[in-house]
Amino acid sequence: MIRLYAPFLLLVAISWLCFWIPAKMLALRLPLLLVVLYMMVHIGSEINGKSPPVSYTKGSDVWIAVCESLVFASFLETIVVHILYRKKEKNMCKNDPEAQNVLEMDEKVS
């Protein structure tokens, strides 16, 4: 239980910290989620490598899949929130000519 359930529960809780990071700080949200997802995959493969091979689905496989699904869902949520934030930002800046120039330069750089 200490090698499987506690680390995955902690990693899911850490991945939910990105919900409190503002949407405009994508550079903080994405690495947090990617590192957590990488750690989950690494720990999961380590645990599956140490357990004997069986032909049926184990409880640990289900737990790992659910936890990785939760982290991946927060990754998708981060992307959707960032896209919506960018659309809102562009709509607000249409009235401001100086902000419009900055957005045009940003699009040229992209």
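Position 1 is the first residue of the sequence, and the numbers go up from there.
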Is there side-chain contact between [X] and [Y], with heavy atoms separated by less than 4.5 Å?
X: Leu37; Y: Phe75; answer: no
X: Phe72; Y: Leu33; answer: no
X: Val12; Y: Met40; answer: yes

Find out if a path of hydrophobic residues (ILVMFWY) with successive side-chain heavy-atom gaps under 4.5 Å connects [X] to [Y].
X: Met39; Y: Trp16; result: yes
X: Leu76; Y: Val81; result: no
X: Met25; Y: Leu84; result: no
X: Val80; Y: Leu17; result: no
X: Val71; Y: Leu4; result: yes

Where [X] and [Y] come nearest, the two heavy atoms and their spacing:
X: Pro31; Y: Leu26; result: CD-O, 4.0 Å
X: Gly44; Y: Ile64; result: CA-CD1, 3.8 Å
X: Ala23; Y: Arg29; result: CA-NH1, 3.7 Å
X: Ile21; Y: Leu32; result: CD1-CD2, 4.4 Å

Sequence neighbours excluded, every pair satisfying side chain to side chain donor-acceptor pair (under 3.5 Å) that has a member inside residues 34-57: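 As it turns out, the side chain to side chain donor-acceptor pair (under 3.5 Å) pairs with a partner in residues 34-57, which skip direct neighbours, are His42-Glu46, Ser51-Lys58.
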Measure the [atom1]-[atom2] distance between [X] and [Y] for me, rounded to the nearest 0.5 Å.
X: Leu70; Y: Glu77; atom1: CG; atom2: CD; answer: 12.5 Å
X: Tyr5; Y: Cys67; atom1: OH; atom2: SG; answer: 9.5 Å
X: Thr78; Y: Ile83; atom1: OG1; atom2: CD1; answer: 11.0 Å
X: Ser74; Y: Ile79; atom1: OG; atom2: CD1; answer: 10.5 Å

Atom CZ of Phe19: over 12 foreign heavy atoms under 6.0 Å: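 Check passes, neighbour count above 12.
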Listed partners of Tyr85 passing ring-ring contact (aromatic ring centres under 6.0 Å, His included), at least two apart: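 Partners of Tyr85 under the ring-ring contact (aromatic ring centres under 6.0 Å, His included) test: none.
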